Amino acid sequence: MTYRVLVTDEIDPDGVALLRSAPELEVDEVPTLPAAELLERIGGYDGIVGRSATRISRELLEQGERLRVVGRAGVGVDNVDLEKATQLGIAVLNAPGGNTVSVAELAFGVLLALARNVHTAATSMERGAWDRSRLGGIELRGRTMAIIGLGRIGGEVARRARGFGMELVGYDPYVSATRFEDLGVERYDRLATALEKADVLTLHVPLTSETQGMIGPAELARLRPGTLVLNLARGGIIAEDALMDALRSSRIAGAALDVFAGEPLAADHPLRSCPNLLLTPHLGASTTEAQRSVAVEACAAVRDALVTGDLSAALNAAGVGGTGWAELRSLLELADRLGRLGRTLLPGALNTVELRYAGPREEAPRPLLLAALRGALHDVVDRRAINLVNAQHVATERGIETAWTQVAGRTEGGQDIELRMDGGDRSVRVGGAVFGDTHGRITRIGSFRVDIAPRGTLLVLRNRDVPGVIGRVGTLLGEAGVNIAEYHQARLNAGGEALAAVSVDSPLTSDTLDRLSHLPEVLDARQVQMD
Ligand code: NAD
């Protein structure tokens with residue numbers, strides 16, 4: 001299978017080369033295209049990779065009939081209509097790690113500039129001045145840096161700050177105490193306490209509803225006079241008006257901003273003339289190395305998503321990100337097959353889908369539920385295939401309630417999945433197991449214990465437990481030219497009802513299925529396509 005990928009926005013050639021080296025990908029590279037031209041071309045592509053210059057609008061996503069993956073060589077995806085992409089099952093992938101060191105280094109570039117008045121000195125020299133007495137600075141050694149957000153960039157900033165002999169305090173309620181310890185950062189549970197300690201305040205949090213305006217007038221008022229403030233994270237985390245007030249009134253000594261509430265910053269924006277404020281035009285990731293590594297990271301994610309279905313870098317595949325994808329693969333496949341099987345046994349209304357995972361992997365249940373939903377609902381979405389990106393959306397849209405639970409696994413190391421589907425007056429329970437890195441097996445259909453591989457076409461027959469049934473089923477299938485790969489017969493008690501799970505090499509025609517279900521002992525016959 002060949003996938004076509006459109007590369008745009010002049011992303012680094014190393015990324016493009018990586019895509020071109022994959023035999024499954026056919027790559028076209030174009031400069032940033034006008035929206036109308038891109039709209040015309042997008043229909044032929046399975047994936048697109050670009051930077052922020054190309055807007056991935058709702059219209060473009062809708063027009064991209066084949067589109068499955070959008071790659072962004074960078075972090076922010078403000079240029080992508082994420083909601084529409086999720087709805088259409090298009091994975092949006094970014095490259096969160098590639099910028100880290102560049103941003104951390106710029107933090108020290110601007111911090112040293114503020115501490116030693118480098119920028120002011122440089123412009124005064126250009127004016128012909130020799131301002132030695134006015135431009136005295138401070139040392140970083142021994143000063144306290146408060147780092148807000150101890151993620152990738154915050155962590156790299158901490159490592160470098162220690163090299164300068166700084167004391168470190170931090171606030172990030174979402175990372176472990178161990179990470180603080182490893183980075184040598186004293187942990188505070190309250191932002192206010194960290195602010196009160198700071199000689200330098202540096203922000204490395206994402207822009208969320210919680211961090212929007214996180215540093216406003218009240219927070220700036222807590223800072224000691226003489227504090228330096230850095231924002232290289234996202235515009236809007238510091239209230240810009242409040243920052244200008246604090247600088248004008250010398251409440252704080254200086255600040256550096258690389259990011260702004262509105263970008264590009266207007267030519268006449270009051271920030272530009274604010275005293276002691278060092279501005280850079282969103283340069284955090286603007287290094288040769290960062291551009292190369294984000295391109296390579298985004299292109300690798302796009303290649304893996306298209307070629308192997310690995311969505312671990314997808315921003316919009318809720319709960320899938322960051323998992324050991326390869327190790328989950330057998331489980332995901334099994335969950336999908338159980339979804340198909342359950343749905344075949346429970347056609348009609350579907351109200352609830354519940355997945356129970358027994359095993360050690362904490363990250364597993366959520367993606368497994370998505371995979372089960374994909375299996376259960378794979379024939380309800382008309383235009384595009386349902387996938388792990390839009391499975392939850394498709395279920396919610398149809399009023400299907402979903403849930404998952406995790407329990408401890410078996411001692412011998414197997415991992416089990418049980419799927420229950422409820423349709424109001426009827427319900428069904430199916431289960432399966434994976435041992436080690438082998439393919440999964442279906443181990444339960446309703447109350448019956450079975451053991452069959454979820455491959456090819458699976459027939460599920462309910463029959464009366466009387467002699468000769470297996471022979472008659474075999475003969476009928478043989479006459480129809482259908483080869484049996486595996487036949488598993490299960491019963492609850494002798495002479496009662498039995499269940500046969502029969503794996504066959506080719507699908508039955510509706511006529512053969514009909515004849516099968518009309519054999520005298522057979523109560524019900526269904527077939528489900530497993531791949
Ligand atoms: P990350 O996800 O690795 O780290 C973010 C950290 O913030 C996490 O540890 C998280 O727990 C923490 N956090 C989230 N909400 C918080 C809250 N309310 N209070 C305290 N901590 C909170 O992200 P990263 O890669 O380190 O990026 C950090 C920021 O830098 C992001 O805003 C990113 O967009 C920005 N960035 C800017 C540039 C640039 O060019 N200037 C480039 C890359 C990244």
Side-chain angles (χ1 to χ4, degrees), residues 51-53 72-80 82 92-111 146-161 168-183 185-195 198 201-216 219 229-239 255-265 278-295 297-298 313 315 321-322:
R51 298 196 296 174
S52 56
R72 158 83 167 96
V75 183
V77 285
D78 315 347
N79 59 319
V80 181
L82 258 185
V92 178
L93 316 162
N94 66 348
N99 292 331
T100 305
V101 168
S102 292
V103 181
E105 288 187 0
L106 182 63
F108 285 92
V110 294
L111 176 55
I147 306 175
I148 312 305
L150 255 276
R152 283 176 294 259
I153 297 172
E156 289 303 319
V157 167
R159 290 194 180 94
R160 283 156 182 76
L168 298 175
V169 300
Y171 170 74
D172 185 335
Y174 305 108
V175 302
S176 66
T178 324
R179 178 159 172 83
F180 275 83
E181 271 167 39
D182 292 348
L183 290 167
V185 179
E186 192 178 343
R187 181 186 186 154
Y188 286 109
D189 293 336
R190 291 177 58 238
L191 173 64
T193 328
L195 296 178
L201 169 67
T202 186
L203 306 174
H204 300 289
V205 293
L207 181 63
T208 64
S209 54
E210 220 178 272
T211 62
Q212 172 102 38
M214 176 182 214
I215 305 296
E219 289 71 26
V229 175
L230 316 180
N231 185 13
L232 290 86
R234 279 284 173 262
I237 297 169
I238 296 188
L257 298 180
D258 187 46
V259 289
F260 305 91
E263 293 183 16
L265 191 70
L278 170 54
L279 305 179
T280 45
H282 206 141
L283 290 182
S286 298
T287 62
T288 313
E289 291 83 356
Q291 287 313 305
R292 182 175 308 137
S293 61
V294 291
E297 194 178 337
L315 285 171

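Since we're looking at a predicted model, the values are computed, not measured. We number each residue from 1, following the sequence as shown. Counting starts at 1 for both ligands and their atoms, in listed order.
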Got a list of side-chain donor-acceptor pairs under 3.5 Å for residues 147-157, not counting sequence neighbours?
| from | atom 1 | to | atom 2 | distance (Å) |
| --- | --- | --- | --- | --- |
| Arg152 | NE | Pro96 | O | 3.4 |
| Glu156 | OE1 | Arg160 | NH1 | 2.6 |
| Glu156 | OE2 | Arg159 | NH1 | 2.8 |

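- The side-chain hydrogen bond (donor to acceptor under 3.5 Å, both in side chains) check on Ser52 picks up nothing, with sequence neighbours excluded.
- Legend: residues meeting ring-ring contact (aromatic ring centres under 6.0 Å, His included) with Tyr188, ordered by chain and number and at least two apart, are absent.
- Summarising the geometry, atom CG belonging to Leu93 is positioned 12.5 Å from atom CZ belonging to Arg72; distances are rounded to the nearest 0.5 Å.
- Taking NE2 from His204 and OG1 from Thr211, the interatomic distance works out to 13.5 Å, rounded to the nearest 0.5 Å.
- For ligand 1, the 4.0 Å heavy-atom shell takes in Val75, Asn99, Val103, Gly149, Leu150, Gly151, Arg152, Ile153, Tyr171, Asp172, Pro173, Tyr174, Val175, His204, Val205, Pro206, Glu210, Thr211, Met214, Leu232, Ala233, Arg234, Asp258, Val259, His282, Gly284, Ala285, ordered by chain and residue number.
- Note that CZ of Phe260 and CG of Leu279 are 4.5 Å apart. Values are rounded to the nearest 0.5 Å.
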